[in-house]
Asks: 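Before I ask anything, here is the structure I am working with.
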Amino acid sequence: MQFDLDDERAQLKQATRELLEGESPLAESRALMEQSAEGFSKALYAQLAELGYLGLLLPEDAGGAGVGHVGLAAVLEEMGRVAFPGPFLDQILAIETLRRCPGDEARRWLERALGGDVLVVLARAETLSLDEPAQPETRLADARIVGRKRWVPFGAQADALLVTTDQGLALVPRPDSGWNATPLETIDLAQRFAEIPLAAPGSALLGPAATDAALAEVDRTGALAAAALLLGVMERSLELTRDYTVERQAFGAPIASFQALQHRMADMLIQTEGTRAAVYRAAWATDAEDADAARLVAVAKAQAGDASRFVCGETIQLHGGVGYTWEYDPHIYYKRAKTLEQFYGSTRDALEQLLEASGI
Amino acid sequence: MQFDLDDERAQLKQATRELLEGESPLAESRALMEQSAEGFSKALYAQLAELGYLGLLLPEDAGGAGVGHVGLAAVLEEMGRVAFPGPFLDQILAIETLRRCPGDEARRWLERALGGDVLVVLARAETLSLDEPAQPETRLADARIVGRKRWVPFGAQADALLVTTDQGLALVPRPDSGWNATPLETIDLAQRFAEIPLAAPGSALLGPAATDAALAEVDRTGALAAAALLLGVMERSLELTRDYTVERQAFGAPIASFQALQHRMADMLIQTEGTRAAVYRAAWATDAEDADAARLVAVAKAQAGDASRFVCGETIQLHGGVGYTWEYDPHIYYKRAKTLEQFYGSTRDALEQLLEASGI
Amino acid sequence: MDLRYDESQQAFRAELRAWLADHVTRPWTQELRDPANDADALVELRRDFQRELNDAGFLGLDWPVEWGGRGLGPVEKNIFQEETAWADAPPVPNFLGIGLLGPALIHHGSEEQRRRFIPKMLSAEEIWCQGFSEPGAGSDLAGIRCRAEPDGDDFRIHGQKVWTTFGPWADWIFVLARTDPEDRYGGITFFLVPLHQDGVDMRPLRQITGEAEFGEVFFDGALARRAHVVGKLGEGWQIAMTVLAYERGATALLEPAKNDRYLKDLVTGCRENGTLGRPDVRERIARLLADNEVIRANAYRTLATLAAGRAPGPEASLEKLLWTEHARRQSEAAFDLLGPQAQLATRAHHARPEMDWAYEHLWSRAGTIYSGSSEIQRNIIAKRVLALPTR
Amino acid sequence: MDLRYDESQQAFRAELRAWLADHVTRPWTQELRDPANDADALVELRRDFQRELNDAGFLGLDWPVEWGGRGLGPVEKNIFQEETAWADAPPVPNFLGIGLLGPALIHHGSEEQRRRFIPKMLSAEEIWCQGFSEPGAGSDLAGIRCRAEPDGDDFRIHGQKVWTTFGPWADWIFVLARTDPEDRYGGITFFLVPLHQDGVDMRPLRQITGEAEFGEVFFDGALARRAHVVGKLGEGWQIAMTVLAYERGATALLEPAKNDRYLKDLVTGCRENGTLGRPDVRERIARLLADNEVIRANAYRTLATLAAGRAPGPEASLEKLLWTEHARRQSEAAFDLLGPQAQLATRAHHARPEMDWAYEHLWSRAGTIYSGSSEIQRNIIAKRVLALPTR
């Protein structure tokens, strides 16, 4: 029984931390989020592709890193720590989807996506509230996709969309006229969503049943990945809080010496470390193809959502006045946590999956 | 705009406090709860009847005290403070029900109940979980009541039951053979419940529709009354906590000087005072026949339930080790709160009534 | 007990409600969302609305008629808060001037100060901001370090103030500054200082909502005239405390009235997305409705005490904790129940038209911090209401 | 990472599970509810079961074979906890002797002490209780005041101990007593003291559940032999600390395994009363299931560290807070979802047959207090894990 990362994954985690702290410290990320058109650094994404980060989940014999979900979680924990902006996770999920699609076209897009040459993302949601009808209203007929997708992550910048339709999954390359995307700007600047009306040529990749099966697996990776990002978000939030409260003086003592604040930070630690245990256990179970994996991923996502709500909120609170300024960083993590809690399977969805997987 | 009690009710409250502190201090109540067969003092109940406490809600021209729900709340707050055991509230509710029944028999029982000569209680629940079917399974046919009632408060000692049946409300006097009651002993020693199988002569009091209308009003009084009892329970719990933590030393200081405990007690105060505002506002609205009265009673019950769960639980917690001994008093209040939270309209019921009354 | 409004209070409410129906031509939320309205335009809208309110006699309700008031009481002030919140009226820009400085001048100012400052304050011709908080001093007003040095008959202010709400648009600031460095409480003086002068640098402070409604202000020898000292030298701390005490309960009914609108939109949203019948959704909404009525019940209690001319008891200490914590729960519920639509930024496409949940959610995190954080509020309750010992 | 049990651990589990299937003829909950079983009868049942466990070689799992153990590790100890919890087996009455005193004797005791005490401890012939806590001393072991005065070669104990679990049925007590009043940490000695002698008064301490499983014990010159001092004079505090440290993680999987049974009954109950399909009920149950898996995940982390022979890190500090707070939420949910049936006292008519929710609910309020309250646990995390400054 071993809980620690093995050497390979520990090194990957350390290397990722150094890479991100060097290339994408939070100040840099904030500048990208606030000022750039894309919201992320294309150059750094190319570097990540080059270094093989997009193939973390692919087996080595398929040209991937073969570090599995444990390795992916370790990388995403680090990305969470710096509130890394951009479509990294969305790319991973598109790649995971393409891997499950037969046929040459899927293979071609997969290779180009893995190489970082194109940005492919999933386009699934159709309502504003994410309360989705059982079947997409987007239609595929005569090799044309007609409908409207919402909450498409970095949809405006995508080279192709993987679109769920009434006939299953289809691929829509960006039309020459562009996407005609409307931004859906939320409070989280690290993530850009778009609403995209579709009336464009596209090709079927999977039938409805195969789509459901493939996306169920991809969704599991998505939920786990979001939980790992949230772990990093919380971890760093707690560090900021600790550092600030140790530094800041009031009534003649560091405010970290006040018991009410100490107990709050203890609770923040409990939530963060509880999430760590749940995330890595779920990642391991997924890689080990444990029968409990689906349950444990649902646990990790639900735990990470509830925990980050508390930890990131209290980070603002314990920073006092500066906690609600734009200048200080607590709000960046708070806002990230809101996206990651609601998307990639909301807490409610995760809890329902947990019950289903438990036969309840 | 005046929130304080008027002189008459303030004096009633003060007199009740003195009476209870003299005749029924908690040590006395505990002895009765733990050791007596009835679980309460019949002599004191006779005294209460004599002093007119059973007629608090009756108008003066009907021989009552005419102090309304505000007066009743003030009295019950005091009873909550000493965890007053016995069927006082259940008697009030039976009297409120009898008042709404036409006919000589109801009037006869009403007079005897008001005088304290007989104990009449409502017998309504049929399931163990209180998730009731829309219609009672207990049947009234040929002037006989056949069925089974559960959670009958002090049913074993009752002289008559007001029974809900498929044909509406009926009165069943205790048969010569007794009730054949099975005690349903919960953790709360101040309240005795019984399961009572019925196959006895009884007389119809109200038809089904009139029963529903009458009991809707009686239930509102019950919910408000339970909230007022809970207010007293919380108020006294907080006092115990304050006194204990100011007295008790640890690490060279009274534990009440530790910030984590201070903040906990501040939260206990907030919940208690919030409940006070809600309870008296609802009581006033009921007496004033305000259009919002039903909503406000539901608010008071829900608030009192949630608040007492917190306040009484933290009372145990802040007492430390002695908090979970039988000898100290926190558990008495904790257990009382559990009954009052679940019966007389559970929090869930109260919240649903609030929505209904709000047109949602 | 009697929680009814008396006849003149009911008449006042009817008058105000009719006036608002005529004058709030467009709800404030919609003004905020209109891309044509930049920050300055919004301030002008607020200024215009304040002027209209003043012309109609709805400001300074409890001030003497002599000073532009109406001689009414705390109940009418709260009726004003309630009705303007329900109507989603533009907020008065000079609320700090009217709420704090006005009473300070009426109770402690000179006749000349009153004549000079009150009319323009009410008409929004001069916007005021408050210079009490300093960086590092947190909630400890007696710990201020900003100082006023004598310069002839007048004074020169040096130091820094933060969290000056509305600072970027203000013309004047009322400042607590130290005139005696030795005397912790008695060495502080209450100054009225014009912002548009050399030696004053007002920098906008951007909040997590993206707006910059606050400022930090740096004084480097700004002139404060002797004639603009309120009260005597060294009375500043005492005046500030008295004036802050006037605020107690002054807006008790404001937040529950705002919540009525939020909760209505939450119910509407759940009806729209088809989840209103779900027991979990119903329970969540019901608890918020109940909470809000508890806040309102507590407000009535506070108000009744104030109306009786007594100082409010424990109920006033609960007020801020009750509403700020409710606001957090309420806007978290909106995020949970309405889904990411509630997270859409103020002017984003598809944002809910009636209610800006994203703004409200983020701002609810500030509510538990500003004007005495929840931690400070609990300290105060522990000390003043529960009389718990200090270490 | 690798969270699998190795083959010998799997074999151990299989062996134990088969044994329990044969030997737990009636679940412990049902024994507790049987009115024919008074408190003494229940102790005898537990004593018998311990003897059977010992005969089958399932006690002292990580002790040397020489002392009746099996030379296994922390993982097997936890497998034992998990399997006995799932089987609802009678709890071992000598758990404090085996959990704390056994290791103390093995590591710090004399050969003679081991021979004298260990076999009868394992066979439940002699029941042990623990004399660490004192009234007024709370969690501060170094603050103990119970004293041992020399009497010839031996000692006489004076003072009081509280919260002596199983005290009313114990034969012996291991006691920390002061042999040097001056030296706060170094003046404490670890004694083995027989309870059935003059100068010992054991009084049962009734708990909120109505049971009296605890005692308070008064020493008034009770004899403690020199030969029954564990370690050297003055080493008591150090031995106690070492031994308490063995407990870390020793039962990490116990509580989640118990919760599996509680949660199963909660689901069954909601299915029976027809509410399992309700979204609010589902969400409530799902959160509890999730919590319990977080506790288990954290337990695996602790266990893996222990199995690697390392001292557990932050994960061990969370353990008690995680499970005790979960237990409170879980039994509150039972009261809410099962209605008053869950409040029926242990032996009341209609109480749920599989699970005693009333007892569990009340006892969950003790869990956040005993063995270092939640407040003390948070102090420890703040100080030791987060290294926050003290005032």
Side-chain angles (χ1 to χ4, degrees), chain A residues 1-6 9 70 238 242 245-246 251-254 256-259 261-285 287-288 290 292 295-296 298-303 306-307 347-348 350-355 358-360, chain D residues 1-6 9 73-75 78 263-264 267 270-271 276 279 282-287 289-308 310 313-315 317-319 321-322 325 374-375 377-383 385-391:
Chain A
M1 187 167 273
Q2 193 195 322
F3 202 93
D4 298 332
L5 295 180
D6 61 16
R9 288 167 185 79
V70 172
L238 177 54
R242 191 193 166 284
T245 57
V246 166
F251 306 104
S257 68
F258 292 105
Q259 197 186 30
L261 272 59
Q262 295 196 337
H263 283 199
R264 202 83 52 81
M265 283 187 265
D267 285 333
M268 291 162 78
L269 181 93
I270 291 166
Q271 290 304 319
T272 305
E273 295 302 321
T275 304
R276 184 186 313 285
V279 164
Y280 282 100
R281 182 186 178 202
W284 174 81
D287 289 341
D290 191 286
D292 247 7
R295 268 183 85 226
L296 297 176
V299 167
K301 181 65 169 66
Q303 163 69 19
D306 287 355
T347 301
R348 191 182 141 76
L351 292 174
E352 195 51 49
Q353 277 154 20
L354 166 56
L355 291 171
S358 309
I360 294 166
Chain D
M1 284 194 78
D2 187 355
L3 300 181
R4 274 169 301 203
Y5 295 99
D6 67 26
Q9 288 161 349
V75 174
N78 270 285
L263 289 167
K264 190 171 163 221
V267 170
C270 291
R271 195 170 274 133
L276 189 60
R282 295 181 73 73
E283 181 174 331
R284 192 88 181 266
I285 291 174
R287 275 212 156 78
L289 288 168
D291 279 358
N292 197 38
E293 293 307 333
V294 171
I295 298 172
R296 190 151 24 219
N298 190 64
Y300 286 142
R301 188 177 167 201
T302 306
L303 212 47
T305 312
L306 286 171
R310 296 201 312 273
E315 60 274 20
S317 310
L318 319 185
E319 189 184 317
L321 277 166
L322 281 177
E325 306 234 327
S374 295
E375 289 76 20
Q377 301 291 334
R378 290 192 178 91
N379 283 348
I380 292 172
I381 291 175
K383 194 174 160 187
V385 184
L386 289 166
L388 299 179
T390 45
R391 277 171 88 185

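Please read these numbers as outputs of a predicted model, since none were measured by experiment. Throughout, a chain's letter reflects where its sequence line sits, starting with A, and its residues are numbered from 1.
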Asks: D:N292 versus chain A, heavy atoms under 4.5 Å apart: side chain, backbone, both or neither?
Replies: neither
Asks: Contact part of D:L386 toward chain A, heavy-atom cut-off under 4.5 Å: side chain, backbone, both or neither?
Replies: both
Asks: Can you tell me which of A:V279, A:D6, A:D267 forms the most heavy-atom pairs within a distance under 4.5 Å of chain D?
Replies: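 Maximum pair count with chain D is reached by A:D267.
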Asks: Against chain A, label D:L276 side chain, backbone, both or neither, depending on which of its atoms sit under 4.5 Å from a heavy atom there.
Replies: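 For D:L276, the side chain is the part near chain A, not the backbone.
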Asks: Where on D:R284 is there a heavy atom nearer than 4.5 Å to chain A: the side chain, the backbone, both, or neither?
Replies: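 Neither part.
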Asks: Minimum heavy-atom separation for A:A302 and A:A350, please, with both atom names.
Replies: N-CB, 4.1 Å
Asks: Which heavy atom of D:L3 sits nearest a heavy atom of A:F3, and at what distance?
Replies: CD2-CD1, 3.7 Å
Asks: Indicate the atoms forming the closest heavy-atom contact of D:L318 with A:G274, along with that distance.
Replies: CD1-N, 4.0 Å
Asks: So, taking the atom named CZ in D:R296 and the one named CZ in A:R281, what distance separates them when rounded to the nearest 0.5 Å?
Replies: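 Result: 6.0 Å between the selected atoms.
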Asks: Pick one of side chain, backbone, both or neither for D:R287, based on which atoms fall under 4.5 Å of a heavy atom in chain A.
Replies: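 For D:R287, the contact with chain A is made by backbone and side chain together.
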Asks: Let's test your reading of the structure: which of A:A278, A:A253, A:A256 forms the most heavy-atom pairs below 4.5 Å with chain D?
Replies: A:A256
Asks: Would you mind checking which part of A:D306 comes under 4.5 Å of any heavy atom in chain D, side chain (CB onward), backbone (N, CA, C, O), both or neither?
Replies: side chain
Asks: Is it true that a side-chain atom of A:T272 and a backbone atom of A:M268 form a donor plus acceptor pair closer than 3.5 Å?
Replies: yes
Asks: Side chain, backbone, both or neither: which part of A:R276 has a heavy atom under 4.5 Å from chain D?
Replies: side chain
Asks: Give the minimum heavy-atom separation between D:P389 and A:Q262, together with the two atoms involved.
Replies: O-NE2, 2.9 Å
Asks: Do you know which of D:V385, D:I381, D:L303 has the most heavy-atom pairs with chain A at a distance under 4.5 angstrom?
Replies: D:I381
Asks: So what's closer than 4.5 Å to chain A heavy atoms on D:N298: side chain, backbone, both or neither?
Replies: both
Asks: Please flag which part of D:A299 lies under 4.5 Å from any non-hydrogen atom of chain A: side chain, backbone, both or neither.
Replies: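 Neither the backbone nor the side chain of D:A299 comes within 4.5 Å of chain A.
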Asks: Determine the option with the most heavy-atom pairs under 4.5 angstrom with chain D, choosing from A:S257, A:A277, A:A266.
Replies: A:S257
Asks: Taking only Lys NZ, Arg NE, NH1 and NH2, and the carboxylate oxygens of Asp or Glu, determine whether A:R295 and A:D290 approach each other closer than 4.0 Å.
Replies: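 No, no charged N to carboxylate O under 4.0 Å.
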Asks: Quick check on A:I360 against chain D: is it the side chain, the backbone, both or neither that has a heavy atom closer than 4.5 Å?
Replies: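 A:I360 touches chain D through backbone and side-chain heavy atoms alike.
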Asks: So, D:E293 and A:K301, do they make that salt bridge, N to O below 4.0 Å?
Replies: no
Asks: Are the side chain of A:D287 and the backbone N or O of A:V70 linked by a donor-acceptor pair below 3.5 Å?
Replies: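 Flag set: sc A:D287 to bb A:V70 pair under 3.5 Å.
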Asks: So which residue, D:E375, D:E283, D:K383, ends up with the most heavy-atom pairs under 4.5 Å with chain A?
Replies: D:E375
Asks: If every non-hydrogen atom of D:Q377 is compared with every non-hydrogen atom of D:S317, which pair is closest and at what distance?
Replies: OE1-O, 4.3 Å
Asks: Counting heavy-atom pairs under 4.5 Å with chain D, which one of A:R348, A:R242, A:R9 comes out on top?
Replies: A:R242
Asks: For the pair A:F251 and D:R391, evaluate side chain to side chain contact (heavy atoms under 4.5 Å, CB included) and give the outcome as yes or no after the intermediate values.
Replies: CA-CA 11 Å; A:F251 306 104; D:R391 277 171 88 185; over 6 Å; no
Asks: When only pairs under 4.5 Å are counted, which of A:Q2, A:Q259, A:E273 shares the most heavy-atom pairs with chain D?
Replies: A:Q2
Asks: For D:Y5 and A:M1, which heavy atoms make the closest approach, and how far apart are they?
Replies: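 Taking D:Y5 first and A:M1 second, the nearest heavy atoms are CE2-CE, 3.6 Å.
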Asks: Need one label for D:Q9: side chain, backbone, both or neither, based on atoms under 4.5 Å from any heavy atom in chain A.
Replies: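 Neither part.
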Asks: Please identify, among A:T347, A:L269, A:T275, the residue contributing the most non-hydrogen atom pairs under 4.5 Å to chain D.
Replies: A:L269
